[in-house]
Visitor: 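This is the structure I want to talk about, given as structure tokens.
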Amino acid sequence: MGIIMFSNEGMGRLQAALNDTRNAEGELLSLVPMIAEIAAGNSCAQFFADYFYRQNKGQSTLDRVGNLLPILDENGYSVALGVEAAGRTRPREMCSVPQDCVIALVSECCVHLEVFRSPYGEQGELEDSRAVENGYTEVLKRGCALFLDGKRDHIVAWSKRAYVTLVVSRQAFGRHLITRHDSQTGQAIYATAASQHLSRLQHACEYIANFGDVKLIPVLQKLLRHPAHFIRWKAIEALLNVDLDIGLRALDALRDDPHPHIMAAANTAWTQLQQGNTACR
């Protein structure tokens with residue numbers, strides 16, 4: 001979906017502020033009061049209602065939950081409106097926040113929000129096997145805004161009604177993985193790619209591995225240097241399927257990978273492959 005032209009005074013102020021804001025940690029926090037003011041006004045709610053009324057062909061504007069409507073991109077930040085589903089009980093799963101963001105409630109309702117924090121600071125890529133700890137609880141009302149830390153925060157939210165949020169996020173320095181944790185125990189359940197781009201890279205590696213296209217070996221070798229650790233591992237798996245000799249040389253290099261999960265997996269796979277080669281002789 002393309003960027004929607006949103007022409008009103010409040011959004012114009014936000015766009016100008018984002019243009020002047022350094023795309024650096026902590027800068028987004030300074031915009032919380034402005035974002036709250038915009039969410040409390042009528043322009044966000046009216047724009048959202050008009051858009052979803054057209055999309056739903058005249059039906060209830062909040063039927064299409066789970067949608068995210070991009071409004072604009074500015075200076076490394078994105079602005080969007082989204083709809084979340086209603087639920088009278090506290091969800092069993094919480095979700096990590098993929099990027100630094102400010103969320104503000106546009107709807108006339110109350111949203112219960114619990115924020116959990118990773119106890120290991122900025123080592124977000126290690127979180128898929130560790131529990132998170134409860135940080136604080138908020139009850140958001142219309143016009144309330146909250147900053148969420150993309151390196152540490154996980155949220156669980158619920159409301160009796162479906163609701164609309166205004167979301168302003170910092171596009172840089174996000175997580176590579178979105179993790180799901182049990183909201184009762186804080187224990188990790190599973191993890192998924194944090195963006196469509198990363199998900200497509202995963203599927204591309206699987207495609208190359210299945211079809212064994214040797215012409216795509218340079219693509220896999222380039223992905224061995226990808227900043228997302230699980231993409232590096234997908235590339236290794238594909239290389240080992242396409243060309244064993246090239247794959248083994250790449251696997252040997254990954255035995256010193258900076259990510260401990262990849263280093264451990266590479267050393268285990270290396271040992272197993274070496275034992276397998278010895279047994280065949």
Side-chain angles (χ1 to χ4, degrees), residues 68 78 93-101 116-132 148-155 169-183 185-214 216-274:
L68 190 66
S78 64
E93 289 185 12
M94 75 181 87
C95 181
S96 57
V97 179
Q99 297 159 317
D100 288 354
C101 67
F116 290 72
R117 296 223 129 164
S118 303
Y120 31 86
E122 298 183 359
Q123 296 178 339
E125 297 304 330
L126 306 182
E127 68 192 23
D128 51 334
S129 61
R130 305 189 192 183
V132 294
L148 295 170
D149 187 333
K151 292 188 177 73
R152 300 188 60 183
D153 288 347
H154 308 250
I155 60 172
S169 57
R170 191 164 67 105
Q171 296 170 341
F173 310 109
R175 301 175 192 258
H176 295 139
L177 286 173
I178 291 179
T179 57
R180 301 277 180 172
H181 289 70
D182 187 293
S183 65
T185 66
Q187 295 295 326
I189 303 174
Y190 62 91
T192 58
S195 68
Q196 279 191 344
H197 173 67
L198 291 173
S199 182
R200 287 168 181 159
L201 288 179
Q202 281 184 289
H203 291 310
C205 289
E206 292 167 0
Y207 173 89
I208 297 171
N210 288 334
F211 289 92
D213 191 342
V214 295
L216 294 176
I217 287 176
V219 174
L220 296 174
Q221 290 173 320
K222 183 177 180 180
L223 290 177
L224 293 173
R225 300 186 294 275
H226 196 279
H229 69 283
F230 61 96
I231 297 297
R232 297 197 295 276
W233 188 250
K234 281 291 183 183
I236 275 291
E237 289 180 329
L239 274 173
L240 288 168
N241 276 280
V242 175
D243 188 303
L244 184 59
D245 289 338
I246 294 177
L248 284 172
R249 289 196 293 271
L251 181 64
D252 189 22
L254 276 196
R255 293 167 68 196
D256 292 322
D257 192 87
H259 194 285
H261 292 179
I262 300 303
M263 180 189 295
N267 278 284
T268 298
W270 178 264
T271 299
Q272 291 174 342
L273 288 169
Q274 293 301 311

Visitor: Among residues at least two apart in sequence or on other chains, which ones pass side chain to side chain donor-acceptor pair (under 3.5 Å) with E237?
Guide: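 For E237, the residues satisfying side chain to side chain donor-acceptor pair (under 3.5 Å) (neighbours in sequence not counted) are W233.
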
Visitor: Not counting sequence neighbours, which residues clear side-chain contact (heavy atoms from CB on, under 4.5 Å) with A209? List them please.
Guide: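 Result, side-chain contact (heavy atoms from CB on, under 4.5 Å) vs A209: A238, N241.
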
Visitor: About how many Å separate CG of D243 and CD1 of I217, when rounded to the nearest 0.5 Å?
Guide: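 Atom-to-atom, I217:CD1 and D243:CG are 4.5 Å apart.
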
Visitor: Between G247 and L239, which heavy-atom pair has the shortest distance, and what is it?
Guide: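 In this case the closest contact between G247 and L239 is CA-CB, 3.9 Å.
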
Visitor: Atom OG in S96, atom CG in L148: separation rounded to 0.5 Å?
Guide: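 Taking OG in S96 and CG in L148, the distance rounds to 11.5 Å.
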
Visitor: Which pairs, with at least one residue in residues 190-210 and sequence neighbours excluded, count as a salt bridge (charged side-chain N to carboxylate O under 4.0 Å, His left out)?
Guide: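 Output for this query lists E206-K234.
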
Visitor: List for me each residue that meets side chain to side chain donor-acceptor pair (under 3.5 Å) alongside D182, sequence neighbours excluded, and say none if there are none.
Guide: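 For D182 the side chain to side chain donor-acceptor pair (under 3.5 Å) partners, ignoring immediate neighbours, are R92.
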
Visitor: Under the salt bridge (charged side-chain N to carboxylate O under 4.0 Å, His left out) rule, what pairs show up with a residue in residues 258-271, not counting sequence neighbours?
Guide: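 Every candidate salt bridge (charged side-chain N to carboxylate O under 4.0 Å, His left out) pair involving residues 258-271 fails, so no pair, neighbours aside, qualifies.
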
Visitor: Could you label the plane-to-plane angle of the H229 and H259 rings as parallel, tilted or perpendicular, counting under 30° as parallel and over 60° as perpendicular?
Guide: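 Parallel, since the angle between the ring planes stays under 30°.
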
Visitor: Tell me the closest heavy-atom pair linking S169 and S78, and the distance in Å.
Guide: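 Heavy atoms of S169 and S78 come nearest at OG-OG, 2.7 Å.
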
Visitor: Applying side chain to side chain donor-acceptor pair (under 3.5 Å), name anything that partners Q221, two or more places apart in sequence or on another chain.
Guide: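 In terms of side chain to side chain donor-acceptor pair (under 3.5 Å), with neighbours along the sequence ignored, Q221 is linked to no residue.
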
Visitor: Provide the closest heavy-atom pair for L220 versus C205 in the form atom of the first, atom of the second, distance.
Guide: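 Answer, listing the atom of L220 first, then C205: CD2-SG, 4.1 Å.
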
Visitor: Let me confirm one number: the CG-CG distance from L240 to L273, rounded to the nearest 0.5 Å.
Guide: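 That separation rounds to 6.5 Å.
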
Visitor: To the closest 0.5 Å, what do you measure between CD1 (I236) and CG (L254)?
Guide: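 Going from CD1 on I236 over to CG on L254, the span is 4.5 Å.
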
Visitor: Between CG of L201 and NE2 of H203, what distance do you get to the nearest 0.5 Å?
Guide: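 Output value for this atom pair is 10.5 Å.
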
Visitor: Identify, with sequence neighbours excluded, every residue that meets side-chain contact (heavy atoms from CB on, under 4.5 Å) alongside D213.
Guide: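 Applying side-chain contact (heavy atoms from CB on, under 4.5 Å) to D213 gives K215, L216.
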
Visitor: Applying salt bridge (charged side-chain N to carboxylate O under 4.0 Å, His left out) as the test, list every pair that has at least one member in residues 246-264; sequence neighbours left out.
Guide: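 Checked against salt bridge (charged side-chain N to carboxylate O under 4.0 Å, His left out) - neighbours excluded - the pairs reaching residues 246-264 are R232-D257, D252-R255.
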
Visitor: When you compare the side chain of I231 with that of Q202, does any pair of heavy atoms fall below 4.5 Å?
Guide: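 Yes, close enough: below the 4.5 Å cut-off.
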
Visitor: Working to the nearest 0.5 Å, report the span between CD of Q99 and CZ of R170.
Guide: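 Q99 CD to R170 CZ: 9.0 Å, rounded to 0.5 Å.
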
